K.L.:
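First the structure, which I've put down as structure tokens, then a few questions once you've had a look.
Because the structure is a prediction, the values reported are computed rather than measured. Just follow the structure's listing: the first ligand is 1, and inside any ligand the first atom is 1.
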Amino acid sequence: MRKPLKQYYKMSKYQHLIDSFMKELELKNSHEPEFIQAVEEVVETVIPFMESNPKYKKAKVLERIVEPERVIQFRVPWISDSGEPQVNRGFRVEFNSAIGPYKGGLRFHPSVNLSILKFLGFEQIFKNSLTTLPMGGGKGGSDFNPKGKSDNEVMKFCQSFMTELSRHIGPNTDVPAGDIGVGGREIGYMFGQYKRLRNEFTGVLTGKGINWGGSLIRPEATGYGVVYFAEKMLNTKKDNLKNKIIAISGSGNVAQFACEKCIQLGAKVVTMSDSKGYIYDSDGIDTEKLSWIMNLKNVDRGRISEYIKKYPNATFHASKAPWNVKVDLALPCATQNELKEEDAKLLVKNKCIAVIEGANMPCSPEAISFFTENKILFSPGKASNAGGVATSGLEMSQNSLRYNWTREEVDEKLHNIMLNIHQQCVAFGKQEDGYIDYVKGANIAGFVKVADAMIDQGIV
Ligand code: NDP
Ligand code: 2IT
């Protein structure tokens, strides 16, 4: 018998249904551990819900929703500065288009494989549904490593990648954006190549530069949205972010703007990290220090360890994540499974009151179980990091309108979307004792909209 990952749901009277569904899924996708993990997190809450809503069961919505509508895999050949031919693997997982064109980021990282992109594409279906905007779910990327590559090499790679991808995407079909390793520079090179191939200036990608179709606030949106969501969670306990001590992991796009918004709301961020370790600054990372980090990461493409040379009061902890630091809130904003059960135990022991996922699936299932068992405020990424893709949706709207909203207008819409997502989580996730199970709330609210659309559209 399969061992359920989460103790928390182990007692569910529907466990046998969850087990038999997962057994089948594991058989079919046995080499895809991250995908299996992402599906399990959803079905643990959705299967019990479906038992009291039999129309979904009858239409076999769950069996259909875990099967991507289409998976594209392709060769990406390019030539390095030294003149040597190189080859990478490219992917696009077009997971679900029931409520809109496929939408989701592209990840360039050596760890990228089909399992990772299927987990991300699957999560994206529910996340995009929660935003209230008409976007289906997709994800793509490559095992290309942009680290240590020249701008010219990154451009050559992006052009080759887009040469193939351009056959499959379009503003009404599939609209990619950034993710790990894909920021403004990469989106620019890919947009340029798409435009050249198609002779078409169109909103085929989001996260574009502000002078060529991008939306104000898109770079900030994921991180800002995470913090707006955190504030809403604290409000349910009549609390707020002022003077809270916060650990952030990562130092990329999401981490940087989460830190910026925490500072603006009066909190003190004491850690940031990258894949080599974390820095701890007990004085707090202020606006000036953060702008130094942004320059280090976005312009010089340096390592976070360099922070202690500039700010010698801080310390660097090699090969470690920041979860042993005593904080009120933890915002994991780096990558999947970066916060494990032992980290969760340390955080709870140190009286952490809330964990809000900025990254996709950064907490392991055992860590999530531990938080929920201990009634810690916990939000899954598909709810709390949805501000990025939501603002991508706003970029698509502005592109279609051929009109740009102001910074204030976009920020207000983002804020309202995060508020709405929070309300959906409460509506579907509030327990009898008042505890809000954001995992359950986000999964069921995200599922219902997509599942209803799938039923309306027949067996396709
Ligand atoms: P970036 O590439 O800008 O930054 C990624 C950060 O995470 C870097 O600090 C990186 O360190 C660190 N990191 C990456 N892989 C690992 C690893 N294996 N172990 C430890 N640290 C790691 O990416 P984003 O900030 O855009 O993305 C971060 C997370 O947020 C991802 O999970 C992504 O899917 C998610 N997300 C992103 C959105 C967006 O709009 N960008 C929207 C919603 C979610 P290093 O430089 O050393 O690799
Ligand atoms: O995980 C995500 O939601 C993203 N990387 C953003 C996707 C998007 O289309 O903006």
K.L.:
Find the distance between NZ (K195) and CE (M162) and round it off to the nearest 0.5 Å.
P.N.:
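These two atoms lie 12.5 Å from each other.
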
K.L.:
Against ligand 1, does K147 come closer than 4.0 Å with any heavy atom?
P.N.:
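Judged by the 4.0 Å heavy-atom criterion, K147 does count as contacting ligand 1.
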
K.L.:
Under a 4.0 Å N-O cut-off, is there an ion pair linking E395 with R218?
P.N.:
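No, this pair does not count.
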
K.L.:
Among all protein heavy atoms in this structure, tell me which lies nearest to atom 2 (O) of ligand 1, with the distance rounded to 0.1 Å.
P.N.:
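It is G181 N, 3.0 Å.
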
K.L.:
Would R167 and E164 pass as an ion pair if we require N to O under 4.0 Å?
P.N.:
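So R167 pairs with E164 through a salt bridge.
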
K.L.:
May I ask you to decide whether K149 forms a salt bridge with D81, counting only side-chain N to carboxylate O separations under 4.0 Å?
P.N.:
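Answer for the salt bridge query: no.
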
K.L.:
Using a 3.5 Å cut-off on N or O atoms only, is G388 in polar contact with ligand 1?
P.N.:
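Such a contact does not occur with ligand 1.
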
K.L.:
So, is C333 polar-close to ligand 1, with some N/O to N/O distance under 3.5 Å?
P.N.:
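For ligand 1, there is no N or O atom that lies under 3.5 Å from one belonging to C333.
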
K.L.:
Please state whether R107 comes within less than 4.0 angstrom of ligand 1, counting heavy atoms only.
P.N.:
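A heavy atom of R107 does come that close to ligand 1.
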
K.L.:
Who's the nearest protein heavy-atom neighbour of atom 20 (C) of ligand 1, and how far?
P.N.:
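Here the closest protein heavy atom is S275 CA, 3.5 Å.
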
K.L.:
Select one of side chain, backbone, both or neither to describe which atoms of R218 lie under 4.0 Å from any atom of ligand 2, heavy atoms only.
P.N.:
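Side chain only.
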
K.L.:
Looking only at protein heavy atoms, which one is nearest to atom 34 (O) of ligand 1, and how far off is it?
P.N.:
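Result: D179 OD1, 2.6 Å.
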
K.L.:
Just going by heavy-atom distances, which of S319, A359, A334 is nearest to atom 28 (C) of ligand 1?
P.N.:
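Comparing heavy atoms across S319, A359, A334, the nearest one to atom 28 (C) of ligand 1 lies in A334.
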
K.L.:
Are any of the side-chain nitrogens in K244 or D328 under 4.0 Å away from the carboxylate oxygens of its partner?
P.N.:
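Not counted as a salt bridge, because no side-chain N and carboxylate O are separated by less than 4.0 Å.
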
K.L.:
Where on Q336 is there a heavy atom closer than 4.0 Å to ligand 1, on the side chain, on the backbone, on both, or on neither?
P.N.:
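It is neither part, as no heavy atom is under 4.0 Å.
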
K.L.:
How far is atom 41 (N) of ligand 1 from its nearest protein heavy atom, and which residue and atom name does that atom have?
P.N.:
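In this structure, atom 41 (N) of ligand 1 has N253 OD1, 3.7 Å as its nearest protein heavy atom.
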
K.L.:
Is the backbone N or O of E153 less than 3.5 Å from a side-chain atom of S150, with the two atoms forming a donor-acceptor pair by type?
P.N.:
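Flag set: sc S150 to bb E153 pair under 3.5 Å.
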
K.L.:
On the 0 to 90° scale, with breaks at 30° and 60°, tag the Y311-Y307 ring pair as parallel, tilted or perpendicular.
P.N.:
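Rings of Y311 and Y307: tilted, 30 to 60°.
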
K.L.:
Ignoring hydrogens and geometry, is there a side-chain-to-backbone donor-acceptor pair from T222 to N385 under 3.5 Å?
P.N.:
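Checking the backbone N and O of N385 against the side chain of T222, no donor-acceptor pair under 3.5 Å is found.
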
K.L.:
Suppose I only count heavy atoms of A177 and a 4.0 Å limit; which atoms of ligand 2 are within that range?
P.N.:
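Counting from 1, the qualifying ligand atoms are 8 (C), 9 (O), 10 (O).
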
K.L.:
Looking at non-hydrogen atoms alone, which of T335, I304, N360 comes nearest to atom 18 (N) of ligand 1?
P.N.:
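Selected option, by shortest heavy-atom distance: T335.
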
K.L.:
Take every heavy atom of A221, measure it against each atom of ligand 1, and state whether any distance is under 4.0 Å.
P.N.:
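The answer is no, since A221 has no heavy atom less than 4.0 Å from ligand 1.
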
K.L.:
Taking 4.0 angstrom as the limit and counting only heavy atoms of K103, give me the atoms of ligand 2 inside it, by number and element.
P.N.:
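Every atom of ligand 2 under 4.0 Å from some heavy atom of K103: 8 (C), 9 (O).
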
K.L.:
Y438 vs H422 aromatic rings, parallel, tilted or perpendicular, using cut-offs 30° and 60°?
P.N.:
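Judged by the thresholds at 30° and 60°, the geometry between Y438 and H422 is tilted.
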
K.L.:
Among the heavy atoms of Q256, does any lie under 4.0 Å from an atom of ligand 1?
P.N.:
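The answer is no: ligand 1 sits nowhere under 4.0 Å from a heavy atom of Q256.
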
K.L.:
Which ligand 2 atoms are under 4.0 Å away from a heavy-atom of K127?
P.N.:
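Counting from 1, the qualifying ligand atoms are 1 (O), 2 (C), 3 (O).
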
K.L.:
Of the protein's non-hydrogen atoms, which lies at the shortest distance from atom 4 (O) of ligand 1, and what is that distance?
P.N.:
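Heavy-atom neighbour on the protein nearest atom 4 (O) of ligand 1: G252 CA, 3.3 Å.
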
K.L.:
Counting only heavy atoms, tell me which of K276, K139, R303 gets closest to atom 47 (O) of ligand 1.
P.N.:
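Among K276, K139, R303, the closest heavy atom to atom 47 (O) of ligand 1 comes from R303.
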
K.L.:
With D274 as reference, evaluate K320, K147, R303 under the salt bridge (charged side-chain N to carboxylate O under 4.0 Å, His left out) test and give the passing residue.
P.N.:
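Considering K320, K147, R303, a salt bridge (charged side-chain N to carboxylate O under 4.0 Å, His left out) with D274 is found only for R303.
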
K.L.:
Looking at atom 7 (C) of ligand 2, what's its closest protein heavy atom, distance included?
P.N.:
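Protein heavy atom with the smallest distance to atom 7 (C) of ligand 2: G105 N, 3.5 Å.
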
K.L.:
Evaluate the ring planes of F49 and F428, with Trp represented by its six-membered ring, and classify them as parallel (under 30°), tilted (30 to 60°) or perpendicular (over 60°).
P.N.:
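It falls in the perpendicular class, over 60°.
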
K.L.:
Using distance alone, with no hydrogens and no angle criterion, decide if D281 and N313 have a side-chain donor and acceptor under 3.5 Å apart.
P.N.:
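Result is no, nothing qualifies.
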
K.L.:
Which ligand 2 atoms does G178 reach within 4.0 Å, using its non-hydrogen atoms?
P.N.:
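Going through ligand 2 atom by atom, the ones under 4.0 Å from G178 are 4 (C), 5 (N), 6 (C).
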
K.L.:
Is there any N or O on N385 that sits under 3.5 Å from an N or O of ligand 1?
P.N.:
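No, since none of the N or O atoms of N385 sits under 3.5 Å from an N or O of ligand 1.
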
K.L.:
Is the F119-F35 ring centre distance short of 6.0 angstrom?
P.N.:
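That pair fails the under 6.0 Å test.
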
K.L.:
Are the charged groups of E41 and K382 less than 4.0 angstrom apart, N to O?
P.N.:
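Counted as a salt bridge, because a side-chain N and a carboxylate O are separated by less than 4.0 Å.
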
K.L.:
What do we get for S273 next to ligand 1 when only non-hydrogen atoms under 4.0 Å count, side chain, backbone, both or neither?
P.N.:
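Looking at S273 and ligand 1, just backbone atoms fall under 4.0 Å.
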
K.L.:
Indicate whether the side chain of E231 and that of N235 have a donor and an acceptor atom separated by less than 3.5 Å.
P.N.:
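Absent: no donor and acceptor within the cut-off.
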
K.L.:
Would you kindly specify which portion of N360 sits under 4.0 Å from ligand 2, judged on non-hydrogen atoms: side chain, backbone, both or neither?
P.N.:
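N360 to ligand 2: side-chain contact only, backbone stays beyond 4.0 Å.
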
K.L.:
For ligand 2, indicate whether the residue K139 contacts it via side chain, backbone, both or neither (heavy-atom separation under 4.0 Å).
P.N.:
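Only the side chain of K139 comes within reach of ligand 2.
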
K.L.:
As a test of understanding, state which of D143, I72, V112 forms a side-chain contact (heavy atoms from CB on, under 4.5 Å) with F91.
P.N.:
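The option that passes is V112.
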
K.L.:
Below 4.0 angstrom, counting only protein heavy atoms, does anything approach atom 10 (C) of ligand 1?
P.N.:
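Looking at atom 10 (C) of ligand 1, one finds that no protein heavy atom lies closer than 4.0 Å.
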
K.L.:
So which protein heavy atom does atom 10 (O) of ligand 2 come closest to, and at what separation?
P.N.:
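It is S392 OG, 2.6 Å.
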
K.L.:
Just which atoms of ligand 2 are under 4.0 Å from any heavy atom in G104?
P.N.:
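In order of numbering, the contacting atoms are 7 (C), 9 (O).
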
K.L.:
Heavy-atom distance to atom 24 (P) of ligand 1: which of V254, V226, V389 wins?
P.N.:
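Among V254, V226, V389, the closest heavy atom to atom 24 (P) of ligand 1 belongs to V254.
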
K.L.:
Say whether, by atom type as modelled, one donor and one acceptor occur between the side chain of E186 and the main chain of G183 under 3.5 angstrom.
P.N.:
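Yes, the answer is positive, given that a donor and an acceptor are paired below the 3.5 Å cut-off.
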
K.L.:
Measuring from the heavy atoms of R218, does anything fall under 4.0 Å of ligand 1?
P.N.:
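Yes, that is the case, since the closest heavy atom of the residue is under 4.0 Å from the ligand.
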
K.L.:
Nearest protein heavy-atom contact for atom 40 (O) of ligand 1: which residue, which atom, what distance?
P.N.:
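Residue, atom and distance for the closest contact: T222 OG1, 2.8 Å.
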
K.L.:
With a 4.0 Å cut-off, would you call K103 and D174 a salt bridge?
P.N.:
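Answer for the salt bridge query: no.
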
K.L.:
Which residue and non-hydrogen atom of the protein lie closest to atom 27 (O) of ligand 1, and at what distance in Å?
P.N.:
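The answer is I180 CG1, 3.7 Å.
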
